[in-house]
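One structure is given here, and the rest of the page talks about it.
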Amino acid sequence: MTLKFVWNAWNKFWFESDGSSQMRLFSRVFATLFFLYVVTRTPDLRIAYTNEGILPLSVLNDFPETHLRFSILRVFDSIGLVWIMQVTLLASLLCIIFGFIPRAAAIVAFILHLNFLNRNMVMVYGVDMISSVFLFYICLGDYRRTSATRKRDWKTELGSVAYRLAQIQVCIIYAFAGLDKVKGPSWWNGDALWYVFFNPQYAALDFSWVAHFPFVVMALTYSSVIWEVYFPVLVWVKPVRYPVLIFGVLLHIGIGLTMSMPSFGFLMMCPYTLFLERTHAEKFALFVRKMINPRKVLLRKADESYV
Amino acid sequence: MDGKEGGKEREDTKDVKSGELSANLKKFPLFRVSLSVFVVFHLFCALTVSNRGSSPTNSVMKVVEAYTSISGFWSTWGFFAPNPGPQMQIEYQLLDTSGNLVKSSVWPELVTGLSRPDRNIRRISSAQYMVLAHPEAAPSMLIPFLCRQNPGIGSVRLTSAVASFPKVSEILDGTRSFGDDVGTDRRSMGYDFCPKNDLKNETKTDPGNIPGGPSGPSGSKGA
């Protein structure tokens, strides 16, 4: 009896979730942001991914932790190939954005992104890591329109799993980000953000003035750790879900402004769409579509099932 | 598909949901079981790799690393943890073939202000952190690169510089300021000639004659 209950609950959570609208919205917003990010690295292609750059293959192969990380660029050193891959990656991201063969496009984007990532682990930061993880889930998503005539099939089930895994991945990211911080004395003392504000490599501007407001720094430090640690629990509690997400939006906007990391901030906020109610996700998608092309939306008479 | 149709379809789907759904899904038990195994394995790997270094995870790390390396899930997510990193940078000196100082700067160049693009603040800066984390590889990475970026240079000297953070009281009483150089810990990371094909001028100088060269003092602290 208990086993049956657990199995049913497991099935309901993983295979019967109705997150297709959220996944469609997420995949498009994510692909748009990642597209912009990939565009900004174009001037650095030679420096980052060829032997003329900062990481020649002869040096890369000395890093033992990289032996399983395959990249075609570790076999062929060619700026031409790098350009082909860059353009193909951008094209596949455009396909996801416009909903044209999104799953196939996501698989291409994921493989190409991993090839770039594995060629130069030195020039990798949070955005690259988050992108590889979420592209993986986007590959599994179900992006078909809702249809009464269509029975649920393996694509629906896989899409449901992708939706749940993506949600849980957000929780894993915040849980480990928070719990790792708890190990650090500066986060316990409440002055960790002081070190961030006062590091010219992080801070966008001279934040010396924050020295006059030590309690504000302390409050911001504690609140960000507490929020990260409790996010994985609170985001599943419906009454507090939206306040938790709003705090996250404010936190990432703050990081983006003070530390000039817009890509990271927006990409971290992007998976919040996975936690929206279905109707809210659809309204949000409709709002975005109206902003982009109001005439087309009017002609379609706001088909809410299409995101 | 127009709006009306879409709306109708949604209603229909809701009706289908509860009853027929379970019946339809029973057709795929093997698929579900396979997916369940994948979900458990995937989550196990995602959690284990994030907790890399703990003793219980060491025994399974080979399998986990194989999977996460291939799937791109190898990040540990410890942003600014356990503490925000210090201000570290790589300083370099470019010397001509006679050993004279041509240029002294930091890599990558520090760009401040709200308008600085992402690539300067993070992508290339993250490269700097990785280089500092692997100082043994720094000369073979950066010296040929800087030589290519600066044609005609004979040799390059690399130094790591770790700045000390001021206390709040030091800022308030004016003894320290934003981005100052007080208490910076400098250590030699290496010195070498440019690779031959990067040399425009073939005249070479004995590195021993260059202060701080390979045979000179290395590992200097606070220089």
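All chains are named by letter (A, B, ...) in the order of the sequence lines, taking the proteins before the strands, and each is independently numbered beginning at 1. When reading the values below, keep in mind they use all heavy atoms of this one structure, side chains included, and skip hydrogens, waters and symmetry mates.
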ask   = What are the two closest non-hydrogen atoms of B:Ala66 and A:Leu68, and how far apart are they?
value = CA-CD1, 3.5 Å

request  = Could you tell me the separation between the CH2 atom of B:Trp77 and the CD atom of A:Glu228, rounded to the nearest 0.5 Å?
outcome  = 13.0 Å

Distance-minimising heavy-atom pair for A:Trp187 and B:Pro82 = CD1-O, 2.9 Å

message = Quick check against the 3.5 Å criterion: does B:Arg148 have a side-chain atom that pairs as donor or acceptor with the backbone of A:Gly53?
response = yes

note = Applying a strict 4.5 Å limit to non-hydrogen atoms, the region of A:Tyr174 in contact with chain B is neither

Run the side-chain donor-acceptor check on residues 188-197 of chain A: report pairs under 3.5 Å with partners two or more places apart or on a different chain.
unit_1	atom_1	unit_2	atom_2	d
A:Trp188	NE1	A:Val182	O	2.5
A:Asn189	ND2	A:Pro185	O	3.3
A:Trp194	NE1	B:Pro166	O	3.1

task = State, with a plain yes or no, whether a side-chain heavy atom of A:Val133 is found less than 4.5 Å away from one of B:Ser75.
result = no

key: side chain to side chain donor-acceptor pair (under 3.5 Å) involving A:Tyr163 - partner list, sequence neighbours excluded   = A:Gln167

message = Return the CD to OG distance between A:Glu157 and B:Ser34, rounded to the nearest 0.5 Å.
response = 10.5 Å

inquiry  = Only pairs of heavy atoms separated by less than 4.5 Å count here; which of A:Val217, A:Val59, A:Asp180, A:Ile173 has the most with chain B?
reply    = A:Ile173

message = Checking B:Ser36 against A:Trp10: is there a side-chain donor and acceptor pair closer than 3.5 Å?
response = yes

request  = State plainly whether the residues B:Arg32 and A:Glu16 are in salt-bridge range, i.e. N to O under 4.0 Å.
outcome  = yes

key: Part of A:Leu135 lying under 4.5 Å from any heavy atom of chain B   = neither

inquiry  = With rounding to the nearest 0.5 angstrom, report the CG to OG distance, A:Leu114 to B:Ser71.
reply    = 7.5 Å

ask   = Quick one: does B:Pro144's side chain get under 4.5 Å of A:Pro56's, heavy atoms only?
value = no

request  = Would you check, one step at a time, whether the test side chain to side chain contact (heavy atoms under 4.5 Å, CB included) holds for A:Phe176 with B:Leu47?
outcome  = CA-CA 9 Å; A:Phe176 280 98; B:Leu47 288 166; 3.8 Å; yes

ask   = So what's closer than 4.5 Å to chain B heavy atoms on A:Val161: side chain, backbone, both or neither?
value = side chain

request  = Check the surroundings of atom CZ in A:Phe266: do more than 12 heavy atoms from other residues, nucleotides or ligands lie under 6.0 Å from it?
outcome  = no

message = So for B:Glu136, is it side chain, backbone, both, or neither that comes closer than 4.5 Å to the heavy atoms of chain A?
response = neither

message = Counting heavy-atom pairs closer than 4.5 Å to chain A, which one of B:Gly72, B:Pro84, B:Ala81 comes out on top?
response = B:Pro84

ask   = Heavy-atom distance under 4.5 Å between the side chains of B:Leu43 and A:Leu165, does that happen here?
value = yes

request  = Please report the closest heavy-atom contact between B:Trp74 and A:Val124, naming both atoms and the distance.
outcome  = CH2-CG1, 4.5 Å

note = Bottom line for A:Asn118: the part with an atom under 4.5 Å from chain B's heavy atoms is side chain

ask   = What about the rings of B:Phe73 and A:Tyr137, do their centers lie closer together than 6.0 Å?
value = yes

key: Rounded distance [0.5 Å steps], CD1 in B:Ile70 versus CZ in A:Phe70   = 11.0 Å

task = Check each atom of A:Ile54 against the heavy atoms of chain B and say whether the ones under 4.5 Å are side chain, backbone, both or neither.
result = both

ask   = Just wondering, do A:Phe15 and B:Val39 contact through their side chains at under 4.5 Å, heavy atoms?
value = no

ask   = Between A:Lys181 (side chain) and B:Phe79 (backbone), is there a donor-acceptor pair under 3.5 Å?
value = yes

inquiry  = Need one label for A:Asn51: side chain, backbone, both or neither, based on atoms under 4.5 Å from any heavy atom in chain B.
reply    = backbone

key: Side chain, backbone, both or neither of A:His113 within contact of chain B (heavy atoms, under 4.5 Å)   = neither

task = With rounding to the nearest 0.5 Å, note down the distance linking CH2 in A:Trp154 to CG in B:Leu35.
result = 10.0 Å

